[in-house]
Amino acid sequence: MLGPNTSSFVMYDEEFKRINLVIEKLLRDANAKVIFLVDKNGQLISSVGETEHLDTTSLASLTAGNIAATGGLAKLIGEKEFSILFHEGEKDNLHISIVAERVILVVIFDQRSSLGLVRLRVKKGSEELTQIFYDLAKKSEVQEKSGNALSPFAEITDDDIDNLFS
Amino acid sequence: MSFINYASREINCKIVYYGPGLCGKTTNLQHVYQKTAPDAKGKMISLATETERTLFFDFLPLALGEIRGFKTRFHLYTVPGQVFYDASRKLILKGVDGVVFVADSQEERLDANIESLDNLRINLEEQGYDLDKIPFVIQYNKCDLPNVTPLEELRALLNPQNVPEFQACATTGEGVFETLKAVAKLILVELRQGTGG
Ligand SMILES: Nc1nc2c(ncn2[C@@H]2O[C@H](COP(=O)(O)OP(=O)(O)O)[C@@H](O)[C@H]2O)c(=O)[nH]1
Ligand SMILES: [Mg+2]
């Protein structure tokens, strides 16, 4: 979707809201505890549910590492990618899947739900998310071409940068 | 590839510390972690072997402050240095915004430095990046030890492109923040020009 040579991955307000509506609905429909979306590079895009006691930044980075590692494994045995990963714990389970080729959808659920239900709802939610990320990519492309991609950093000064470290 | 989120007004960038095994990459991150205020850092994660050698990566998220109303976050990663972990190193370079090459200044590690730097260039190329075009700085670490290669020689062998370079002693922290600051600055300047890779 976005190659390494495109500039930044950009998220706009409109798509962010649409994404959150979808994962909030998925949270309810799947009876899940937490859902989060992570960019394949390990950056958290959004999270919903019982996230207060969760270190979502670390979760995001490790999830991306996990997907990268299993993706590497897949290639070694001649698969393109494992599109779904499932980790079963004593209380909580992790369902990890890839959306729109570059985004990772993580669902944490316990005995109030089931793998079958989560899988079913994720399938539906993924289709909606794919459309949103597709729209987002198109939007970024258009903005970039028109030279409108006004980076919030276009006007930063050396002082702004130095101040970050003071 | 940096991630700019207009909705949450955040910008995230990824910095990778590269270099031969035992050159001091993990020690760099540990120092940054120790010297950063609690509210500006997340947990440091180390996926290491029982003998504390990096197995997959170390990860340290930093939230440095705001620029123009955008929270600026840097995600610091190290790679495992040993030659046989090449597959893991490639994975960690995905989506990188800036690279710090940590060289081990000791004489007996000169070849290992050169080999690792070549390996960095090749692995970046595989991902479509050109080391000469991305934000890149070099750190000559372990400068406190007696048996180090003279700076001039290190420079000639490792830094013909003349990128920003720093002598460091990661165990005491000397040069650690200077290095981080330099690469962060190059990344932000790149963003300003709108050519962020
Ligand atoms: N004398 C000295 N030792 C260092 C320095 N930096 C790191 N070390 C030591 O070198 C060893 C390897 O460091 P580590 O950070 O694990 O290397 P990594 O493999 O690159 O992550 C550790 O025992 C460190 O304490 C330095 O600047 N001077
Ligand atoms: Mg290490």
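Sequence lines set the chain letters: A, B, ... in the order given, protein chains first and strands last, and positions in each chain run from 1. These numbers come from a predicted model, not from an experiment.
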Colleague: To the nearest 0.5 Å, tell me how far B/Ile92 CD1 sits from A/Ser61 OG.
Modeller: 9.5 Å
Colleague: Give, for atom OG1 of A/Thr57 and atom NZ of B/Lys41, the distance between the pair rounded to the nearest 0.5 Å.
Modeller: 14.0 Å
Colleague: So what's closer than 4.5 Å to chain B heavy atoms on A/Asp55: side chain, backbone, both or neither?
Modeller: side chain
Colleague: Determine whether A/Phe9 and B/Leu191 fall in the same hydrophobic cluster, where Ile, Leu, Val, Met, Phe, Trp and Tyr are linked whenever their side-chain heavy atoms lie under 4.5 Å apart.
Modeller: yes
Colleague: Do A/Val38 and B/Ile11 share a hydrophobic cluster, counting only Ile, Leu, Val, Met, Phe, Trp and Tyr and linking them when any side-chain heavy atoms are less than 4.5 Å apart?
Modeller: no
Colleague: Counting heavy-atom pairs closer than 4.5 Å to chain B, which one of A/Asp158, A/Asp13, A/Leu44 comes out on top?
Modeller: A/Asp13
Colleague: Does any heavy atom of chain A fall under 4.5 Å from the side chain of B/Leu64, the backbone, both, or neither of them?
Modeller: both
Colleague: Run the side chain to side chain contact (heavy atoms under 4.5 Å, CB included) test on B/Phe59 and A/Leu62 for me, step by step, so that the C-alpha distance in whole Å, both residues' side-chain angles and the decisive distance to 0.1 Å come before the verdict.
Modeller: CA-CA 9 Å; B/Phe59 168 68; A/Leu62 288 175; over 6 Å; no
Colleague: Using the side chain to side chain contact (heavy atoms under 4.5 Å, CB included) definition, which of the options A/Leu164, A/Thr157, A/Asn163 pairs with B/Ile67?
Modeller: A/Leu164
Colleague: Which atoms of B/Glu10 come close to chain A, meaning under 4.5 Å heavy atom to heavy atom: side chain ones, backbone ones, both, or neither?
Modeller: neither
Colleague: Verify the cluster assignment for A/Phe82 and A/Val99: are they in a single hydrophobic cluster under the rule of side-chain heavy atoms below 4.5 Å apart?
Modeller: no
Colleague: Tell me the closest heavy-atom pair linking A/Gly65 and B/Phe57, and the distance in Å.
Modeller: CA-CE2, 4.1 Å
Colleague: Just verifying a value: how many Å separate A/Asp160 CG and B/Lys185 NZ, rounded to the nearest 0.5 Å?
Modeller: 11.0 Å
Colleague: Any link between A/Val118 and A/Ile96 through a network of hydrophobic side chains (Ile, Leu, Val, Met, Phe, Trp, Tyr) touching at under 4.5 Å?
Modeller: no
Colleague: For A/Lys25, does the NZ atom sit with more than 12 other heavy atoms under 6.0 Å from it, leaving out its own atoms?
Modeller: no
Colleague: Give a yes or no on this: more than 12 heavy atoms of other residues, nucleotides or ligands lie within 6.0 Å of atom CD of A/Glu52.
Modeller: yes
Colleague: Test side chain to side chain contact (heavy atoms under 4.5 Å, CB included) on B/Phe3 and A/Ile45 and set out the steps.
Modeller: CA-CA 9 Å; B/Phe3 172 32; A/Ile45 296 171; 4.0 Å; yes
Colleague: Does any heavy atom of chain B fall under 4.5 Å from the side chain of A/Leu76, the backbone, both, or neither of them?
Modeller: neither
Colleague: Would you say B/Leu120 and B/Leu158 are hydrophobically clustered, going by side-chain heavy atoms of ILVMFWY under 4.5 Å?
Modeller: yes
Colleague: Please find the pair of heavy atoms, one from A/Asn41 and one from B/Tyr77, that lie closest to each other, and give the distance.
Modeller: O-OH, 3.9 Å
Colleague: Where do B/Lys43 and A/Ser58 come nearest, in terms of heavy atoms and distance?
Modeller: CB-OG, 3.9 Å
Colleague: What do you reckon, is NZ of A/Lys139 surrounded by more than 12 foreign heavy atoms closer than 6.0 Å?
Modeller: yes
Colleague: Which value, rounded to the nearest 0.5 Å, describes the distance between B/Leu91 atom CG and A/Asn66 atom CG?
Modeller: 11.0 Å
